[in-house]
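Worksheet for the structure shown next.
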Amino acid sequence: MKRKFAKRADLVKSSETREILKVTERPEVISFAGGLLAPELFPVKELKEACEAVLEEDGPASLQYSTTEGYIPLRTAIMKRMNAIGIQANLQQILITSGSQQAIDLTGRLLLDEGDTVICESPTYLAAVNAFKVYNANFVEVEMDEDGMMMEALEKRLQENPQAKFIYTIPDFQNPTGRTLKLE
Ligand SMILES: Cc1ncc(COP(=O)(O)O)c(C=O)c1O
């Protein structure tokens, strides 16, 4: 049968993250590999109350499509929160996504052409690498120490790769090392 998939589909490999998470479905396994959240910390009661309140107050309108950028009252609340912690964001700079994984994918779509270089920590978050690979990116790794990405190594990589598109870094509680970049 004639192949119908786009060439891009060849770049989408089975996700190691999903393979790791499969193991966690087995009740006898306590997996530290998948980074699952402690279920007892989920605010089930509060979420239930919030859902009930929204459906009560806004009815069907709360289930309707919204604008691409997201629900304006939510974007406004986020903007105020950012402003309160000293980040001068305006409403046009705030976009609601389905988790940060979607934001990572959008970043790749916006910035990466085929063969572009992404500088990242070594090791780094697997699902970000997979998201950028779809855009045929190259990766240049920067060594880490206890304080995160090593600045001397980063400077060297930047000099070697002046055309690099961006640095993908997880400055706080890095995945998978858990390290936090020093403030300096
Ligand atoms: C560094 C990092 N970025 C993004 C994500 C994905 O987050 P979300 O569930 O918000 O899409 C994870 C999840 O483990 C992560 O560790």
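Start at 1 and go down the list; that is how both ligands and their atoms are numbered.
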| When you look at Glu121 and Thr169, which way does the side-chain hydrogen bond (donor to acceptor under 3.5 Å, both in side chains) test go after all the steps? | CA-CA 6 Å; Glu121 284 140 359; Thr169 177; 2.4 Å; yes
| query | How far apart are the C-alpha atoms of Leu112 and Phe132, what are their side-chain angles, what is the distance that settles it, and do they pass the side chain to side chain contact (heavy atoms under 4.5 Å, CB included) test? | reply | CA-CA 8 Å; Leu112 293 174; Phe132 298 147; 3.8 Å; yes
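A salt bridge between Glu152 and Lys156 is absent, with no side-chain N of the basic residue lying under 4.0 Å from a carboxylate O of the acidic one. Ion pairing between Glu146 and Arg179 holds under the 4.0 Å rule for side-chain N and carboxylate O.
In terms of N/O distances under 3.5 Å, ligand 1 is not approached by Gln102. Considering both main-chain and side-chain atoms, Gln101 comes within under 3.5 Å of ligand 1 through a nitrogen or oxygen pair.
For atom 14 (O) of ligand 1, the nearest non-hydrogen atom from the set Asp172, Leu37, Asn175, Ile170 belongs to Asn175.
Near Gly99, meaning under 4.0 Å from any of its heavy atoms, are these atoms of ligand 1: 10 (O), 11 (O).
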